[in-house]
There are 2 protein chains.
Amino acid sequence: MDPEKNHEINIKQSEDRFRENLLPSLSVNTVLFSYHQERLNVLLLKFGDTGYFMLPGGFIRRDEDVDEAALRNLKELTALENIYLEQFYVAGNAERSTDPVVVEFLKKQGYEKISSWLSQRNVSICYLALVNEKKVKPELNVQFISRYLWADVTNLPPLLFDHTTIIEKALSRLQSDMDQKLLSNNLLNEPFTMSDLQKLYEAVFQKKFTRSNFQRKMLKRDILARVGKKYEGRAHKAPYLYRFKKVKAS
Amino acid sequence: MDPEKNHEINIKQSEDRFRENLLPSLSVNTVLFSYHQERLNVLLLKFGDTGYFMLPGGFIRRDEDVDEAALRNLKELTALENIYLEQFYVAGNAERSTDPVVVEFLKKQGYEKISSWLSQRNVSICYLALVNEKKVKPELNVQFISRYLWADVTNLPPLLFDHTTIIEKALSRLQSDMDQKLLSNNLLNEPFTMSDLQKLYEAVFQKKFTRSNFQRKMLKRDILARVGKKYEGRAHKAPYLYRFKKVKAS
DNA sequence: TATTAATGTATCAAATTGATACAATAAGTA
DNA sequence: TACTTATTGTATCAATTTGATACATTAATA
(Lines give C-alpha, C1' and ligand atoms only; values in the text may rest on other atoms or scores of the structure.)
Protein backbone atom coordinates (compact mmCIF):
# COMPACT_ATOMS: atom_id res chain seq x y z
CA MET A 1 0.00 0.00 0.00
CA ASP A 2 1.12 3.52 -0.72
CA PRO A 3 2.75 4.67 2.53
CA GLU A 4 1.34 8.15 2.13
CA LYS A 5 -2.21 6.79 1.68
CA ASN A 6 -1.61 4.57 4.67
CA HIS A 7 -0.53 7.60 6.57
CA GLU A 8 -3.66 9.51 5.64
CA ILE A 9 -5.76 6.65 6.92
CA ASN A 10 -3.89 6.78 10.19
CA ILE A 11 -4.66 10.44 10.36
CA LYS A 12 -8.32 9.77 9.62
CA GLN A 13 -8.40 7.28 12.48
CA SER A 14 -6.68 9.58 14.88
CA GLU A 15 -9.04 12.35 13.83
CA ASP A 16 -11.99 10.11 14.73
CA ARG A 17 -10.37 9.29 18.03
CA PHE A 18 -9.82 12.97 18.58
CA ARG A 19 -13.53 13.68 18.13
CA GLU A 20 -14.48 10.99 20.56
CA ASN A 21 -12.03 11.50 23.37
CA LEU A 22 -10.88 15.06 23.32
CA LEU A 23 -12.47 18.40 24.00
CA PRO A 24 -12.90 20.31 20.77
CA SER A 25 -11.71 23.92 20.36
CA LEU A 26 -9.28 23.62 23.23
CA SER A 27 -5.64 22.87 23.72
CA VAL A 28 -2.92 23.42 26.25
CA ASN A 29 0.55 24.78 25.61
CA THR A 30 3.45 24.76 28.00
CA VAL A 31 6.34 27.16 28.14
CA LEU A 32 9.11 25.03 29.60
CA PHE A 33 11.84 27.16 31.08
CA SER A 34 15.27 25.82 31.86
CA TYR A 35 18.43 27.46 33.10
CA HIS A 36 21.62 26.24 31.54
CA GLN A 37 25.05 27.81 31.24
CA GLU A 38 23.77 31.07 32.68
CA ARG A 39 21.04 31.35 30.06
CA LEU A 40 17.29 31.17 30.52
CA ASN A 41 16.01 28.84 27.82
CA VAL A 42 12.67 27.69 26.46
CA LEU A 43 11.92 24.31 24.91
CA LEU A 44 10.84 24.58 21.29
CA LEU A 45 9.92 21.99 18.68
CA LYS A 46 10.85 22.43 15.04
CA PHE A 47 7.98 22.14 12.58
CA GLY A 48 9.09 20.04 9.60
CA ASP A 49 11.71 21.73 7.46
CA THR A 50 10.04 25.13 7.66
CA GLY A 51 12.65 26.80 9.85
CA TYR A 52 9.84 27.64 12.26
CA PHE A 53 9.46 26.42 15.81
CA MET A 54 6.54 25.94 18.16
CA LEU A 55 5.78 25.34 21.82
CA PRO A 56 4.97 21.87 23.06
CA GLY A 57 1.28 21.37 23.58
CA GLY A 58 -1.62 19.00 23.31
CA PHE A 59 -5.28 18.39 23.81
CA ILE A 60 -7.62 17.82 26.73
CA ARG A 61 -9.46 14.56 27.30
CA ARG A 62 -13.14 14.72 28.02
CA ASP A 63 -12.66 13.19 31.44
CA GLU A 64 -9.62 15.03 32.71
CA ASP A 65 -9.09 18.42 34.34
CA VAL A 66 -7.39 21.05 32.23
CA ASP A 67 -4.51 21.09 34.73
CA GLU A 68 -4.22 17.32 34.46
CA ALA A 69 -4.12 17.58 30.69
CA ALA A 70 -1.21 19.98 30.94
CA LEU A 71 0.64 17.58 33.23
CA ARG A 72 -0.10 14.58 31.04
CA ASN A 73 1.03 16.32 27.86
CA LEU A 74 4.18 17.45 29.59
CA LYS A 75 4.89 13.89 30.68
CA GLU A 76 4.20 12.49 27.22
CA LEU A 77 6.43 15.00 25.50
CA THR A 78 9.30 15.21 27.96
CA ALA A 79 8.99 12.32 30.42
CA LEU A 80 8.77 14.89 33.23
CA GLU A 81 6.60 14.31 36.27
CA ASN A 82 5.71 16.15 39.46
CA ILE A 83 6.48 19.50 37.95
CA TYR A 84 5.29 22.87 39.18
CA LEU A 85 2.85 24.08 36.53
CA GLU A 86 1.21 27.44 36.49
CA GLN A 87 -1.64 28.57 34.29
CA PHE A 88 -0.73 32.10 33.23
CA TYR A 89 -2.55 33.02 30.02
CA VAL A 90 -5.31 32.11 27.60
CA ALA A 91 -4.54 32.56 23.93
CA GLY A 92 -8.00 33.20 22.59
CA ASN A 93 -7.68 35.31 19.49
CA ALA A 94 -10.05 34.13 16.75
CA GLU A 95 -7.36 34.21 14.07
CA ARG A 96 -4.57 32.65 16.08
CA SER A 97 -5.05 29.11 14.78
CA THR A 98 -4.23 29.88 11.19
CA ASP A 99 -0.59 30.28 10.33
CA PRO A 100 0.27 30.64 6.62
CA VAL A 101 3.55 28.83 7.18
CA VAL A 102 1.73 25.77 8.49
CA VAL A 103 -0.94 25.85 5.79
CA GLU A 104 1.67 26.27 3.06
CA PHE A 105 3.87 23.48 4.38
CA LEU A 106 1.04 20.98 4.68
CA LYS A 107 -0.41 21.79 1.26
CA LYS A 108 2.98 21.38 -0.35
CA GLN A 109 3.19 17.94 1.20
CA GLY A 110 -0.34 17.07 0.09
CA TYR A 111 -1.92 17.13 3.55
CA GLU A 112 -4.96 19.25 2.67
CA LYS A 113 -7.18 17.61 5.22
CA ILE A 114 -4.72 17.74 8.08
CA SER A 115 -4.09 21.33 7.21
CA SER A 116 -7.72 22.28 7.61
CA TRP A 117 -7.90 20.21 10.78
CA LEU A 118 -4.89 21.88 12.33
CA SER A 119 -6.20 25.28 11.35
CA GLN A 120 -9.49 24.90 13.16
CA ARG A 121 -10.38 27.56 15.66
CA ASN A 122 -8.61 26.73 18.85
CA VAL A 123 -8.22 28.36 22.21
CA SER A 124 -5.05 27.50 24.07
CA ILE A 125 -4.68 27.47 27.82
CA CYS A 126 -1.05 28.23 28.55
CA TYR A 127 1.10 26.95 31.39
CA LEU A 128 4.63 27.57 32.45
CA ALA A 129 6.95 25.03 33.99
CA LEU A 130 10.50 25.14 35.29
CA VAL A 131 12.78 22.22 34.68
CA ASN A 132 16.28 20.98 34.63
CA GLU A 133 17.31 20.68 31.00
CA LYS A 134 19.17 17.46 31.62
CA LYS A 135 16.11 15.73 32.99
CA VAL A 136 14.06 16.41 29.87
CA LYS A 137 13.92 13.76 27.18
CA PRO A 138 11.92 15.32 24.38
CA GLU A 139 9.86 12.84 22.41
CA LEU A 140 10.48 13.27 18.71
CA ASN A 141 8.26 10.51 17.33
CA VAL A 142 5.61 13.09 16.68
CA GLN A 143 4.41 13.95 13.22
CA PHE A 144 6.00 17.02 11.64
CA ILE A 145 8.36 17.54 14.54
CA SER A 146 11.86 17.27 13.19
CA ARG A 147 13.91 18.29 16.19
CA TYR A 148 13.91 20.24 19.42
CA LEU A 149 15.79 23.26 20.66
CA TRP A 150 16.46 24.89 23.98
CA ALA A 151 16.29 28.49 22.82
CA ASP A 152 17.67 31.45 24.73
CA VAL A 153 14.67 33.61 25.62
CA THR A 154 16.59 36.69 24.58
CA ASN A 155 17.14 35.28 21.11
CA LEU A 156 14.15 33.29 19.91
CA PRO A 157 13.90 31.81 16.42
CA PRO A 158 10.78 32.46 14.29
CA LEU A 159 7.78 30.85 15.95
CA LEU A 160 4.47 29.63 14.57
CA PHE A 161 1.06 30.98 15.52
CA ASP A 162 1.15 33.44 18.44
CA HIS A 163 3.78 31.50 20.33
CA THR A 164 6.16 34.44 20.57
CA THR A 165 3.50 36.39 22.43
CA ILE A 166 2.85 33.43 24.70
CA ILE A 167 6.53 33.23 25.66
CA GLU A 168 6.64 36.96 26.40
CA LYS A 169 3.65 36.62 28.72
CA ALA A 170 5.26 33.60 30.36
CA LEU A 171 8.46 35.47 31.06
CA SER A 172 6.71 38.38 32.66
CA ARG A 173 4.70 36.01 34.84
CA LEU A 174 7.88 34.17 35.80
CA GLN A 175 9.44 37.45 36.86
CA SER A 176 6.55 38.48 39.04
CA ASP A 177 6.38 35.05 40.68
CA MET A 178 10.10 34.60 41.20
CA ASP A 179 10.25 36.21 44.61
CA GLN A 180 7.12 34.75 46.09
CA LYS A 181 7.07 31.16 44.98
CA LEU A 182 10.12 28.99 45.33
CA LEU A 183 10.74 28.76 41.64
CA SER A 184 14.52 28.70 41.69
CA ASN A 185 14.04 25.28 43.18
CA ASN A 186 13.46 23.63 39.84
CA LEU A 187 16.04 25.57 37.91
CA LEU A 188 19.17 25.17 40.02
CA ASN A 189 21.04 22.02 40.86
CA GLU A 190 21.60 21.74 44.58
CA PRO A 191 23.83 22.56 46.21
CA PHE A 192 24.58 25.90 44.66
CA THR A 193 26.46 29.04 45.62
CA MET A 194 25.02 32.49 46.16
CA SER A 195 26.69 33.49 42.95
CA ASP A 196 24.87 30.73 41.08
CA LEU A 197 21.56 31.95 42.47
CA GLN A 198 22.32 35.51 41.53
CA LYS A 199 23.17 34.54 37.96
CA LEU A 200 19.83 32.76 37.70
CA TYR A 201 18.00 35.87 38.87
CA GLU A 202 19.96 37.94 36.41
CA ALA A 203 19.01 35.63 33.55
CA VAL A 204 15.33 35.76 34.50
CA PHE A 205 15.14 39.50 35.08
CA GLN A 206 17.61 40.33 32.38
CA LYS A 207 19.46 42.80 34.52
CA LYS A 208 22.33 42.93 37.04
CA PHE A 209 21.95 43.00 40.81
CA THR A 210 24.40 44.36 43.37
CA ARG A 211 26.15 41.36 44.86
CA SER A 212 26.11 42.29 48.54
CA ASN A 213 22.51 43.47 48.50
CA PHE A 214 21.36 40.40 46.60
CA GLN A 215 23.02 38.22 49.21
CA ARG A 216 21.44 40.16 52.06
CA LYS A 217 17.99 39.90 50.50
CA MET A 218 18.23 36.15 49.92
CA LEU A 219 19.63 35.40 53.37
CA LYS A 220 16.95 37.45 55.07
CA ARG A 221 14.20 35.39 53.44
CA ASP A 222 15.20 32.38 55.47
CA ILE A 223 14.79 29.93 52.62
CA LEU A 224 18.42 28.88 52.22
CA ALA A 225 20.35 26.38 54.29
CA ARG A 226 24.14 26.32 54.23
CA VAL A 227 25.38 22.81 53.61
CA GLY A 228 29.15 23.23 53.28
CA LYS A 229 31.72 25.09 51.27
CA LYS A 230 32.78 24.80 47.70
CA TYR A 231 36.51 24.47 47.11
CA GLU A 232 37.01 25.12 43.45
CA GLY A 233 40.80 24.99 43.46
CA ARG A 234 40.85 28.66 42.67
CA ALA A 235 42.63 31.45 44.45
CA HIS A 236 39.92 32.94 46.62
CA LYS A 237 37.68 32.38 49.58
CA ALA A 238 35.50 29.32 49.19
CA PRO A 239 31.80 30.21 48.87
CA TYR A 240 29.14 28.52 50.97
CA LEU A 241 26.97 25.92 49.33
CA TYR A 242 23.20 26.18 49.81
CA ARG A 243 20.08 24.12 49.52
CA PHE A 244 16.52 25.36 49.68
CA LYS A 245 14.97 24.69 53.04
CA LYS A 246 12.03 22.33 52.97
CA VAL A 247 8.78 24.23 52.80
CA LYS A 248 6.97 23.97 56.10
CA ALA A 249 3.75 22.02 55.94
CA SER A 250 1.17 24.73 56.65
CA MET B 1 -49.86 24.40 20.77
CA ASP B 2 -48.68 23.28 24.18
CA PRO B 3 -46.50 26.11 25.40
CA GLU B 4 -44.06 23.76 27.01
CA LYS B 5 -43.70 21.71 23.80
CA ASN B 6 -43.28 24.97 21.93
CA HIS B 7 -40.63 25.91 24.37
CA GLU B 8 -38.77 22.67 23.90
CA ILE B 9 -38.75 23.29 20.15
CA ASN B 10 -37.26 26.70 20.75
CA ILE B 11 -34.61 25.05 22.82
CA LYS B 12 -33.99 22.51 20.06
CA GLN B 13 -33.54 25.35 17.58
CA SER B 14 -31.25 27.29 19.85
CA GLU B 15 -29.28 24.13 20.49
CA ASP B 16 -28.80 23.72 16.74
CA ARG B 17 -27.76 27.31 16.46
CA PHE B 18 -25.38 26.73 19.35
CA ARG B 19 -23.68 23.89 17.51
CA GLU B 20 -23.27 25.99 14.39
CA ASN B 21 -22.14 29.30 15.74
CA LEU B 22 -20.50 28.73 19.07
CA LEU B 23 -17.33 27.07 20.22
CA PRO B 24 -18.15 23.84 22.03
CA SER B 25 -16.70 23.02 25.47
CA LEU B 26 -16.00 26.65 26.24
CA SER B 27 -17.68 29.49 28.03
CA VAL B 28 -16.80 32.77 29.64
CA ASN B 29 -17.85 33.98 33.07
CA THR B 30 -17.49 37.44 34.45
CA VAL B 31 -17.14 38.49 38.05
CA LEU B 32 -18.66 41.97 38.03
CA PHE B 33 -17.52 43.96 41.03
CA SER B 34 -19.28 47.07 42.19
CA TYR B 35 -18.78 49.33 45.16
CA HIS B 36 -21.92 50.62 46.78
CA GLN B 37 -22.63 51.95 50.25
CA GLU B 38 -19.14 51.05 51.37
CA ARG B 39 -19.55 47.43 50.35
CA LEU B 40 -17.76 45.50 47.65
CA ASN B 41 -20.45 43.61 45.75
CA VAL B 42 -20.63 41.00 43.02
CA LEU B 43 -23.41 40.62 40.47
CA LEU B 44 -25.21 37.30 40.75
CA LEU B 45 -28.15 35.78 38.90
CA LYS B 46 -30.70 33.63 40.64
CA PHE B 47 -31.34 30.23 39.08
CA GLY B 48 -35.07 29.56 39.00
CA ASP B 49 -36.58 29.07 42.43
CA THR B 50 -33.69 26.99 43.70
CA GLY B 51 -32.28 29.55 46.10
CA TYR B 52 -28.98 29.23 44.31
CA PHE B 53 -27.18 31.94 42.37
CA MET B 54 -24.66 31.96 39.56
CA LEU B 55 -22.24 34.29 37.81
CA PRO B 56 -23.20 35.90 34.52
CA GLY B 57 -21.61 34.16 31.59
CA GLY B 58 -22.03 33.01 28.04
CA PHE B 59 -20.50 31.34 25.05
CA ILE B 60 -17.91 32.18 22.44
CA ARG B 61 -18.75 32.59 18.77
CA ARG B 62 -16.62 30.81 16.27
CA ASP B 63 -15.48 34.05 14.71
CA GLU B 64 -14.77 36.17 17.75
CA ASP B 65 -11.85 36.47 20.15
CA VAL B 66 -12.37 35.10 23.63
CA ASP B 67 -11.88 38.61 25.00
CA GLU B 68 -14.51 39.92 22.58
CA ALA B 69 -16.90 37.22 23.71
CA ALA B 70 -16.48 38.33 27.30
CA LEU B 71 -17.21 41.94 26.30
CA ARG B 72 -20.20 40.97 24.18
CA ASN B 73 -21.74 38.81 26.88
CA LEU B 74 -21.23 41.58 29.39
CA LYS B 75 -22.97 44.03 27.08
CA GLU B 76 -25.85 41.64 26.41
CA LEU B 77 -26.39 40.91 30.08
CA THR B 78 -25.84 44.35 31.57
CA ALA B 79 -25.83 46.92 28.73
CA LEU B 80 -22.30 47.86 29.78
CA GLU B 81 -19.69 48.89 27.23
CA ASN B 82 -16.05 49.95 27.22
CA ILE B 83 -15.33 48.19 30.46
CA TYR B 84 -11.96 47.15 31.79
CA LEU B 85 -11.94 43.36 31.64
CA GLU B 86 -9.23 41.13 32.93
CA GLN B 87 -8.79 37.44 32.34
CA PHE B 88 -7.73 36.02 35.69
CA TYR B 89 -8.54 32.31 35.84
CA VAL B 90 -9.53 29.23 33.91
CA ALA B 91 -12.04 26.94 35.59
CA GLY B 92 -11.07 23.64 34.02
CA ASN B 93 -12.00 20.91 36.46
CA ALA B 94 -13.54 17.92 34.68
CA GLU B 95 -16.42 17.68 37.13
CA ARG B 96 -17.23 21.34 37.41
CA SER B 97 -20.06 21.37 34.86
CA THR B 98 -22.32 19.06 36.78
CA ASP B 99 -24.22 20.53 39.68
CA PRO B 100 -26.84 18.32 41.35
CA VAL B 101 -28.99 21.36 42.11
CA VAL B 102 -29.19 22.23 38.42
CA VAL B 103 -29.83 18.66 37.32
CA GLU B 104 -32.50 18.19 39.96
CA PHE B 105 -34.26 21.44 39.13
CA LEU B 106 -34.36 20.79 35.40
CA LYS B 107 -35.55 17.21 35.77
CA LYS B 108 -38.30 18.29 38.09
CA GLN B 109 -39.45 20.73 35.44
CA GLY B 110 -39.23 18.08 32.71
CA TYR B 111 -36.23 19.55 30.93
CA GLU B 112 -34.23 16.34 30.60
CA LYS B 113 -32.58 17.37 27.36
CA ILE B 114 -31.62 20.82 28.49
CA SER B 115 -30.31 19.32 31.67
CA SER B 116 -27.90 17.05 29.84
CA TRP B 117 -26.97 19.91 27.55
CA LEU B 118 -26.19 22.26 30.40
CA SER B 119 -24.22 19.55 32.15
CA GLN B 120 -21.84 18.95 29.27
CA ARG B 121 -18.18 19.24 30.03
CA ASN B 122 -17.31 22.88 29.88
CA VAL B 123 -14.21 24.94 30.54
CA SER B 124 -14.84 28.49 31.63
CA ILE B 125 -12.51 31.38 31.00
CA CYS B 126 -13.10 33.87 33.78
CA TYR B 127 -12.89 37.63 33.66
CA LEU B 128 -13.30 40.33 36.21
CA ALA B 129 -14.79 43.73 35.61
CA LEU B 130 -15.37 46.81 37.75
CA VAL B 131 -18.51 48.79 37.33
CA ASN B 132 -20.80 51.35 38.77
CA GLU B 133 -23.84 49.51 40.06
CA LYS B 134 -26.17 52.23 38.88
CA LYS B 135 -25.02 51.89 35.29
CA VAL B 136 -25.84 48.20 35.14
CA LYS B 137 -29.20 47.14 33.75
CA PRO B 138 -29.29 43.39 34.18
CA GLU B 139 -31.24 41.58 31.48
CA LEU B 140 -33.72 39.21 33.03
CA ASN B 141 -35.36 37.81 29.90
CA VAL B 142 -33.09 34.82 30.12
CA GLN B 143 -34.38 31.36 30.72
CA PHE B 144 -34.21 30.13 34.35
CA ILE B 145 -32.96 33.49 35.60
CA SER B 146 -35.55 34.77 38.03
CA ARG B 147 -33.78 37.80 39.47
CA TYR B 148 -30.44 39.38 40.12
CA LEU B 149 -28.55 40.35 43.24
CA TRP B 150 -25.62 42.54 44.11
CA ALA B 151 -24.13 40.37 46.81
CA ASP B 152 -21.63 41.53 49.40
CA VAL B 153 -18.42 39.56 48.75
CA THR B 154 -18.07 38.93 52.46
CA ASN B 155 -21.48 37.32 52.59
CA LEU B 156 -22.23 35.30 49.47
CA PRO B 157 -25.36 33.19 49.05
CA PRO B 158 -25.05 29.55 47.91
CA LEU B 159 -23.66 29.45 44.39
CA LEU B 160 -23.93 26.87 41.63
CA PHE B 161 -21.03 24.98 40.12
CA ASP B 162 -17.59 26.24 41.23
CA HIS B 163 -18.65 29.89 41.20
CA THR B 164 -17.69 30.48 44.83
CA THR B 165 -14.12 29.48 44.03
CA ILE B 166 -14.13 31.71 40.97
CA ILE B 167 -15.18 34.71 43.04
CA GLU B 168 -12.45 34.02 45.61
CA LYS B 169 -9.85 33.94 42.85
CA ALA B 170 -11.28 37.14 41.39
CA LEU B 171 -11.03 38.95 44.71
CA SER B 172 -7.43 38.00 45.24
CA ARG B 173 -6.58 39.13 41.72
CA LEU B 174 -8.41 42.41 42.31
CA GLN B 175 -6.35 42.97 45.44
CA SER B 176 -3.04 42.39 43.75
CA ASP B 177 -3.96 44.64 40.83
CA MET B 178 -5.47 47.44 42.87
CA ASP B 179 -2.29 49.42 43.36
CA GLN B 180 -0.83 49.01 39.92
CA LYS B 181 -3.72 49.45 37.57
CA LEU B 182 -6.09 52.35 37.96
CA LEU B 183 -8.97 50.21 39.04
CA SER B 184 -10.59 52.58 41.50
CA ASN B 185 -11.46 54.51 38.41
CA ASN B 186 -14.47 52.38 37.60
CA LEU B 187 -15.67 51.93 41.13
CA LEU B 188 -15.86 55.50 42.43
CA ASN B 189 -18.00 58.33 41.22
CA GLU B 190 -15.90 61.40 40.57
CA PRO B 191 -15.27 63.66 42.27
CA PHE B 192 -14.57 61.85 45.51
CA THR B 193 -12.84 62.58 48.78
CA MET B 194 -9.76 60.87 50.16
CA SER B 195 -12.02 59.27 52.72
CA ASP B 196 -14.18 57.80 49.94
CA LEU B 197 -11.10 56.33 48.31
CA GLN B 198 -9.90 54.89 51.57
CA LYS B 199 -13.23 53.23 52.23
CA LEU B 200 -13.08 51.60 48.81
CA TYR B 201 -9.62 50.22 49.56
CA GLU B 202 -10.83 48.97 52.89
CA ALA B 203 -13.74 47.16 51.24
CA VAL B 204 -11.45 45.53 48.69
CA PHE B 205 -8.69 44.52 51.11
CA GLN B 206 -11.06 43.82 53.96
CA LYS B 207 -8.91 45.64 56.47
CA LYS B 208 -8.38 49.14 57.85
CA PHE B 209 -5.65 51.56 56.81
CA THR B 210 -4.16 54.39 58.86
CA ARG B 211 -5.73 57.57 57.53
CA SER B 212 -2.68 59.81 57.35
CA ASN B 213 -0.47 57.17 55.80
CA PHE B 214 -3.10 56.20 53.27
CA GLN B 215 -3.38 59.84 52.24
CA ARG B 216 0.38 60.19 51.93
CA LYS B 217 0.65 57.08 49.81
CA MET B 218 -2.11 58.12 47.44
CA LEU B 219 -0.88 61.68 47.06
CA LYS B 220 2.65 60.57 46.34
CA ARG B 221 1.50 58.44 43.42
CA ASP B 222 0.59 61.54 41.47
CA ILE B 223 -2.63 60.10 40.11
CA LEU B 224 -5.09 62.40 41.84
CA ALA B 225 -6.07 65.93 40.88
CA ARG B 226 -7.76 68.23 43.35
CA VAL B 227 -10.82 69.77 41.82
CA GLY B 228 -12.41 71.72 44.68
CA LYS B 229 -13.70 71.23 48.15
CA LYS B 230 -16.72 69.44 49.48
CA TYR B 231 -18.92 71.45 51.85
CA GLU B 232 -21.20 68.94 53.46
CA GLY B 233 -22.88 71.32 55.89
CA ARG B 234 -21.16 69.50 58.70
CA ALA B 235 -19.02 70.82 61.50
CA HIS B 236 -15.52 70.17 60.25
CA LYS B 237 -12.93 71.13 57.72
CA ALA B 238 -14.14 70.57 54.17
CA PRO B 239 -12.24 67.77 52.42
CA TYR B 240 -10.73 68.21 49.00
CA LEU B 241 -12.48 66.63 46.05
CA TYR B 242 -10.39 64.57 43.64
CA ARG B 243 -10.50 63.16 40.15
CA PHE B 244 -8.13 60.66 38.64
CA LYS B 245 -5.61 62.32 36.37
CA LYS B 246 -5.82 61.29 32.76
CA VAL B 247 -3.37 58.51 32.04
CA LYS B 248 -0.56 59.77 29.86
CA ALA B 249 -0.50 58.30 26.38
CA SER B 250 2.70 56.30 26.45
C1' DT C 1 -16.39 83.40 70.13
C1' DA C 2 -15.47 78.94 71.73
C1' DT C 3 -16.44 74.10 70.62
C1' DT C 4 -16.53 70.08 67.80
C1' DA C 5 -15.27 66.86 64.36
C1' DA C 6 -13.05 65.68 60.41
C1' DT C 7 -9.23 66.83 57.53
C1' DG C 8 -4.32 68.06 55.81
C1' DT C 9 0.22 67.81 57.04
C1' DA C 10 4.37 67.24 59.94
C1' DT C 11 7.27 64.51 62.68
C1' DC C 12 9.81 60.68 64.57
C1' DA C 13 11.38 56.08 64.94
C1' DA C 14 11.76 51.67 62.65
C1' DA C 15 12.53 49.09 58.63
C1' DT C 16 14.19 48.67 53.95
C1' DT C 17 17.21 49.61 50.10
C1' DG C 18 21.33 51.10 47.35
C1' DA C 19 26.07 51.98 47.40
C1' DT C 20 30.40 51.22 49.17
C1' DA C 21 33.94 49.57 52.15
C1' DC C 22 36.43 46.20 54.39
C1' DA C 23 37.74 41.88 56.38
C1' DA C 24 38.28 36.84 55.50
C1' DT C 25 40.22 33.21 52.98
C1' DA C 26 41.79 29.64 49.29
C1' DA C 27 45.19 29.15 46.21
C1' DG C 28 49.06 30.87 43.45
C1' DT C 29 53.72 33.00 43.46
C1' DA C 30 58.15 34.56 45.03
C1' DT D 1 56.97 31.07 54.63
C1' DA D 2 55.21 35.47 53.27
C1' DC D 3 52.96 38.05 49.94
C1' DT D 4 49.58 38.54 46.24
C1' DT D 5 45.19 37.85 43.99
C1' DA D 6 40.45 36.97 43.38
C1' DT D 7 36.21 36.24 45.33
C1' DT D 8 33.27 35.97 49.15
C1' DG D 9 30.85 37.32 53.65
C1' DT D 10 29.54 41.03 56.22
C1' DA D 11 29.38 45.78 57.99
C1' DT D 12 28.30 50.46 57.42
C1' DC D 13 26.13 54.73 55.99
C1' DA D 14 22.93 57.55 53.68
C1' DA D 15 18.57 57.73 51.31
C1' DT D 16 13.99 56.11 51.10
C1' DT D 17 9.86 54.06 52.74
C1' DT D 18 6.59 52.84 56.32
C1' DG D 19 3.88 52.88 60.70
C1' DA D 20 2.40 55.51 64.45
C1' DT D 21 1.30 59.70 66.40
C1' DA D 22 0.79 64.58 66.99
C1' DC D 23 -0.75 68.91 65.69
C1' DA D 24 -2.61 72.57 63.15
C1' DT D 25 -6.60 73.85 60.02
C1' DT D 26 -11.29 74.79 59.24
C1' DA D 27 -16.62 74.46 58.47
C1' DA D 28 -20.50 74.36 61.03
C1' DT D 29 -22.72 74.84 65.52
C1' DA D 30 -23.75 76.16 70.21
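Just so you know, these numbers come straight off a predicted model, no measurement behind them. Keep in mind that the numbers below use all heavy atoms, side chains included, and drop hydrogens, waters and symmetry copies. By convention in this document, chain letters (A, B, ...) are assigned in the order of the sequence lines, proteins followed by strands, and residues within each chain are numbered from 1.
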Whole-Å distance between [N] [atom2] and [X] [atom1]?
| X | N | atom1 | atom2 | result |
| --- | --- | --- | --- | --- |
| A/Met218 | C/dT16 | CE | P | 15 Å |
| B/Glu232 | D/dT26 | CD | C1' | 13 Å |
| B/Lys207 | D/dG19 | NZ | C1' | 12 Å |
| A/Arg234 | C/dT29 | CZ | P | 13 Å |
| B/His236 | D/dT29 | NE2 | P | 11 Å |
| B/Lys230 | C/dA5 | NZ | C1' | 16 Å |

*Please list, chain by chain and in numerical order, all residues satisfying salt bridge (charged side-chain N to carboxylate O under 4.0 Å, His left out) with B/Glu190, sequence neighbours excluded.*
B/Arg243
*Check salt bridge (charged side-chain N to carboxylate O under 4.0 Å, His left out) between A/Glu168 and all other residues, then give those that pass, not counting sequence neighbours.*
none
_Using a 4.0 Å heavy-atom cut-off to protein, can you give one letter per nucleotide of nucleotides 9-18 of chain D, 5' to 3': B if the base is in contact, S if only the sugar-phosphate is, - if neither?_
BBBB-----B
*Return the set of residues passing side chain to side chain donor-acceptor pair (under 3.5 Å) with A/Ser97 (not counting sequence neighbours), or none when no residue passes.*
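Result, side chain to side chain donor-acceptor pair (under 3.5 Å) vs A/Ser97: none returned.
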*In chain order, what residues pass the side chain to side chain donor-acceptor pair (under 3.5 Å) check against B/Thr154, with sequence neighbours excluded?*
B/Asp152
*asked:* Rounding to 10°, can you tell me the angle the first-five-pair axis of the helix from C/dT1-D/dA30 to C/dA30-D/dT1 makes with its last-five-pair axis?
replied: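 Rounded value for the end-axis angle: 30°.
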Compile the donor-acceptor pairs under 3.5 Å between side chains in residues 157-164 of chain B and protein atoms, sequence neighbours left out, one pair per line.
{"residue": "B/Asp162", "atom": "OD1", "partner": "B/Arg96", "partner atom": "NE", "Å": "3.3"}
{"residue": "B/Asp162", "atom": "OD1", "partner": "B/Arg96", "partner atom": "NH2", "Å": "3.1"}
{"residue": "B/Asp162", "atom": "OD2", "partner": "B/Arg96", "partner atom": "NE", "Å": "2.7"}
{"residue": "B/His163", "atom": "ND1", "partner": "B/Leu55", "partner atom": "N", "Å": "2.9"}

_Show every salt bridge (Lys or Arg N to Asp or Glu O under 4.0 Å) that has at least one partner inside residues 70-79 of chain A, sequence neighbours left out._
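Every pair satisfying salt bridge (Lys or Arg N to Asp or Glu O under 4.0 Å) with a residue in residues 70-79 of chain A: A/Arg61-A/Glu76, A/Glu64-A/Arg72, A/Arg72-A/Glu76, A/Lys75-A/Glu81.
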*Apply ring-ring contact (aromatic ring centres under 6.0 Å, His included) to A/Tyr52 and list each qualifying residue two or more places apart in sequence or on a separate chain.*
none
*Could you tell me whether B/Glu86 and B/Arg173 make a salt bridge, using a distance below 4.0 angstrom between a side-chain N and a carboxylate O?*
yes
